[in-house]
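The sequence lines fix the lettering, A, B, ..., with proteins before strands; numbering per chain opens at 1. Just so it is clear, the structure is predicted and the values come from calculations on it, not from any experiment.
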Amino acid sequence: MATPDSSAGGNFIREIVEQDLATGKHRRIVTRFPPEPNGYLHIGHAKSICLNFGLAQEHQGITHLRFDDTNPSTESVEYVESIQADVRWLGFDWGDRLFYASGYFDRLYEYAVQLIKRGRAYVDSLSAEEIRKHRGTLTEPGRDSPHRTRSVEENLDLLARMKAGEFPDGTHVLRAKIDMAAPNINLRDPTLYRIRHVAHHRTGGEWCLYPTYDYAHPLSDALEGITHSICTLEFEDHRPLYDWFLDNLDVPSHPRQIEFARLNLTHTVMSKRRLLDLVGKGHVNGWDDPRLPTLQGLRRRGCTPEAIRAFCEHIGVQKRDGTIEMALLEHFIREDLNRRAPRVMAVLRPLKVVIENYPEGRTEELEAVNNPEDPGAGTRTVPFSRTLYIEQDDFREVPPKKFFRMTPGQEVRLRYAYIVKCVSVVKDERTGEAVEVRCTYDPETKSGGPQAGRKVKGTLHWVSAAHAKDAEARLYEHLFAKADPDDVPEGQDYSANLNPHSLERLEGCKVEPSLAGAKPGLRYQFERQGYFCVDPDSAKGRLVFNRTVALRDSWAKVEKAQQE
RNA sequence: UGGGGGAUCGUCUAGUGGUAGGACAUCAGACUUUGGAUCUGAUUACCCAGGUUCGAAUCCUGGUCCCCCAGCCA
């Protein structure tokens, strides 16, 4: 019954695949990931990528990467490149199986001719508006177009002339001849080809006639010998049409379309339209803004492909639509980074500390563990001296209950160094704000020394003032303040829920010197604070870190509870 | 009022006629030179109503609620 991690077990698609293999329906499965190159990939696509590539991998099958490039007016080579980079980054390899729907334009056209000859397609010369009016409504049947009865010869002639470029955009379309009274609207003579005098990013000016998704997709699948064509729920209604093309044409195979629920995440948006809107209106700084759920945003934020894959595996595949909590994604990010990120000390909001009884001008190199979760990660050395910085949050002149950090008279340990005690506070005369803390240290309590075992309630991270490097930190929170961005007062739109604190830039952070020259993309745990990733904005002598995700903070919970 | 789908802890997800399990989240505790990590414990669910059956989340009947579809987008 219950397996250790049952959510990582079977899903209905895996069952179908395994049954098809068991019954011999297929000897090898072939799946495909078919993005349209008109936008950047996001974590919702990752679910599909992991499903398609993962399923094939598990069963010694193969996966094609096929660009569904049937609409040249919105597509570009910029996107085909970024999509390939993102799929590779996620960790999947399509080998030499890179395809384009546009690569089948000739054959698709031949199939259209076949359809006409069989009396199953016709050229319609109604306007888009008229076609819409003829389509009927959800509850009323549609009406036949007056052109529905054109002869095969006339249809063939018209189609050839459409292809030849004799007609302007919108004057004619090729439609399947199915049933204008079908309760499923997709079967009311859907459009197969439309005229578009637009250059295509791959075929250039060769065509002015472009196939629709409904027509191109099943045929591309069949031509490639796809066994399982996995798509999202909204295409469920299109399946009868998908099958209709394959049943009415001499195709080499008949793939099975299977639909699953797309991924939704709390506190963010996933639709192409909204992502475009956020970028376009400047609510975020480009497609790779670390607050975005795009793969490029997640990567820049410091998220690993391993974490995304683990997340996708865990959430499973199903037909009911739901919304995953962002906390679950964050959990998988922490889990992965905890294992692999080197620890380092960094002070985000510095407060000066002077150790009065520590000799001026003296520096000690203290040994620090790089990663307690990974003994193989080794150790490094951090410089200690009389003047340090600690986190402003780690000092309180009047401590709240259960505050185990620095406060007058209370001993705390400085990580990898000594036990110190605050003896006085220097305050800004005007604001009353603490600007410097004076301490004494106990030389006997050096980490690893004779009195090192003495218990203190708190351990603080710190950096030596003279040795620290300056850095900028970018702290991120959810892009939207509410779990459901659409939860807005009447008359407002989702942008009303944009979280004004989704990005906080901290200049003047102080980090330990081992971080000097850290390359963009490297990930660290800033002890007691969170996981951080070096941002590409970093330059020589200028370090910029993105906070990928904060560490779990039980003090924050205590404090919050005390305030209530 | 047409057609197509779907309803299991707060959120995801197992279950396929035989004790409703897991993860995340939450709460409590242990441990800890990261208030991290780890470990322990706790709370919480089968949409509703009938029926079949020794036994129903699962099968049947009838409801309810939610999602998708009227692009020459995908």
> Any idea which of B:G36, B:C72, B:C69 is nearest the A:L138 side chain?
Replying inline: B:C69
> Which value, in whole Å, describes the distance between the C1' atoms of nucleotides B:C47 and B:C66?
Replying inline: 11 Å
>> Using Watson-Crick or G-U wobble geometry with both distances under 3.5 Å, which nucleotide pairs with B:A30?
In response: B:U38
> What's the OH-P distance between A:Y215 and B:G71, to the nearest Å?
Replying inline: 22 Å
> Which nucleotide, B:U34, B:A74, B:G3, lies nearest any side-chain atom of A:E527?
Replying inline: B:U34
>> Distance check, P atoms only: B:G3 and B:G51, in whole angstrom units.
In response: 30 Å
> Quick one: do the A:R196 and A:Y210 side chains pair a donor with an acceptor below 3.5 Å?
Replying inline: no
> Taking the side chain of A:S447 as heavy atoms from C-beta outward, which of B:G36, B:C67, B:U33 is closest to it?
Replying inline: B:U33
> In Å and rounded to the nearest 0.5 Å, what is the OH to CZ distance from A:Y418 to A:R413?
Replying inline: 10.5 Å
> Would you say the ring centroid of A:W462 lies under 6.0 angstrom from that of A:F384?
Replying inline: yes
> How far apart are the C-alpha atoms of A:E129 and A:K133, what are their side-chain angles, what is the distance that settles it, and do they pass the salt bridge (charged side-chain N to carboxylate O under 4.0 Å, His left out) test?
Replying inline: CA-CA 6 Å; A:E129 173 69 9; A:K133 283 182 179 155; 3.8 Å; yes
> Rounded to the Å, how far apart are A:I258 CD1 and B:G6 P?
Replying inline: 14 Å
> Under the criterion side-chain hydrogen bond (donor to acceptor under 3.5 Å, both in side chains), which of A:D68, A:D69, A:T70 is the partner of A:S102?
Replying inline: A:D69
>> Strictly below 4.0 Å: does A:R194 bring a side-chain N or O up to OP1 or OP2 of B:A74?
In response: yes
> Mapping A:G136 and A:V317 onto RNA chain B by nearest heavy atom, which one lands closer to the 5' end?
Replying inline: A:V317
> To the side chain of A:I185, which of B:U33, B:C69, B:G36 is closest?
Replying inline: B:C69
> Can you find a side chain N or O atom of A:R135 that sits less than 4.0 Å from OP1 or OP2 on B:G71?
Replying inline: yes
>> Syn if the chi torsion is within 90° of 0, anti otherwise; quick check, which is B:G71?
In response: syn
> Looking at the rings of A:Y524 and A:F532, which for Trp means the six-membered one, are their centres under 6.0 Å apart?
Replying inline: no
> In whole Å, what separates the C1' atom of B:G22 from that of B:C46?
Replying inline: 16 Å
>> Show, in sequence, the C-alpha distance, side-chain angles and deciding distance for A:E234 and A:R262, and conclude whether the salt bridge (charged side-chain N to carboxylate O under 4.0 Å, His left out) test is met.
In response: CA-CA 9 Å; A:E234 66 269 29; A:R262 61 157 20 111; 3.1 Å; yes
> Could you give the CG-to-C1' distance, from A:D374 to B:A37, as a whole number of Å?
Replying inline: 13 Å
>> With a cut-off of less than 4.0 Å, is there a side-chain N or O of A:Q318 near OP1 or OP2 of B:U13?
In response: yes
> Which part of the nucleic acid does A:P240 contact within heavy-atom distance under 4.0 Å: base, sugar-phosphate only, or nothing?
Replying inline: nothing
> Of all the choices, B:G36, B:C69, B:C27, which nucleotide is nearest to the side chain of A:R552 once you look at every atom?
Replying inline: B:G36
> Rounded to the nearest Å, what distance is computed from the CG atom of residue A:L219 to the P atom of nucleotide B:A74?
Replying inline: 14 Å
> Is the phosphate of B:U26, meaning OP1 or OP2, less than 4.0 Å from a side-chain N or O of A:K557?
Replying inline: yes
>> Only pairs with both distances under 3.5 Å count, Watson-Crick or wobble alike; so what is the partner of B:C72 in this structure?
In response: none
>> Nearest to the A:W555 side chain among B:A37, B:G35, B:A74, which nucleotide is it?
In response: B:G35
> Between B:G35 and A:K402, is there an OP1 or OP2 to side-chain N/O distance shorter than 4.0 Å?
Replying inline: no
>> Could you tell me the Watson-Crick or G-U partner of B:C65, where both distances fall under 3.5 Å? Say none if there is no partner.
In response: B:G6
>> Please pick, from B:C27, B:C73, B:G3, the nucleotide with the shortest atom-to-atom distance to any side-chain atom of A:R196.
In response: B:C73
> Quick one: is A:T70 getting a side-chain N or O under 4.0 Å of the B:A74 phosphate, OP1 or OP2?
Replying inline: yes
> Atom CD1 of A:I333 to atom P of B:A23: distance rounded to whole Å?
Replying inline: 20 Å
> Closest to the A:R405 side chain: B:G36, B:A74, B:G35?
Replying inline: B:G35
> Which of these passes side-chain contact (heavy atoms from CB on, under 4.5 Å) with A:V420: A:T445, A:D442, A:L414?
Replying inline: A:L414
>> Measuring from the side chain of A:E325 (C-beta onward, heavy atoms only), which nucleotide among B:C68, B:U11, B:C72 has the closest atom?
In response: B:U11
>> Please report the distance, rounded to the nearest Å, between CG in A:D214 and C1' in B:A70.
In response: 13 Å
>> Using the side-chain heavy atoms of A:R132, tell me which of these nucleotides is nearest: B:G71, B:A74, B:A25.
In response: B:G71
> Looking only at atom P, what distance separates B:A28 and B:G21, rounded to whole Å?
Replying inline: 24 Å
>> Side-chain N or O of A:S554 versus OP1/OP2 of B:G36: is the shortest distance under 4.0 Å?
In response: yes
> Picking from A:Y111, A:Y193, A:Y242, what satisfies ring pair (Phe, Tyr, Trp, His ring centres under 6.0 Å) with A:Y215?
Replying inline: A:Y193
>> Using a heavy-atom cut-off of 4.0 Å across all strands, would you classify A:I131 as base, sugar-phosphate, or nothing?
In response: base
>> Could you identify the nucleotide paired to B:G55, looking across every strand shown and requiring Watson-Crick or G-U wobble geometry with both distances under 3.5 Å?
In response: none
>> Only pairs with both distances under 3.5 Å count, Watson-Crick or wobble alike; so what is the partner of B:U11 in this structure?
In response: B:A23
> What is the distance from CG of A:D394 to C1' of B:G36, rounded to the nearest Å?
Replying inline: 14 Å
> Under 4.0 angstrom, heavy atoms only, what part of the nucleic acid is A:H238 near: base, sugar-phosphate, or nothing?
Replying inline: base
> Can you tell me how far P in B:C12 sits from the matching atom in B:C68, rounded to whole Å?
Replying inline: 16 Å
> To the nearest angstrom, how far is A:K272 atom NZ from B:G71 atom C1'?
Replying inline: 15 Å
> Think A:K319 has a side-chain N or O under 4.0 angstrom from the OP1 or OP2 of B:G4?
Replying inline: no
>> Quick check on RNA chain B: between A:G458 and A:R320, whose nearest nucleotide comes earlier from the 5' end?
In response: A:R320
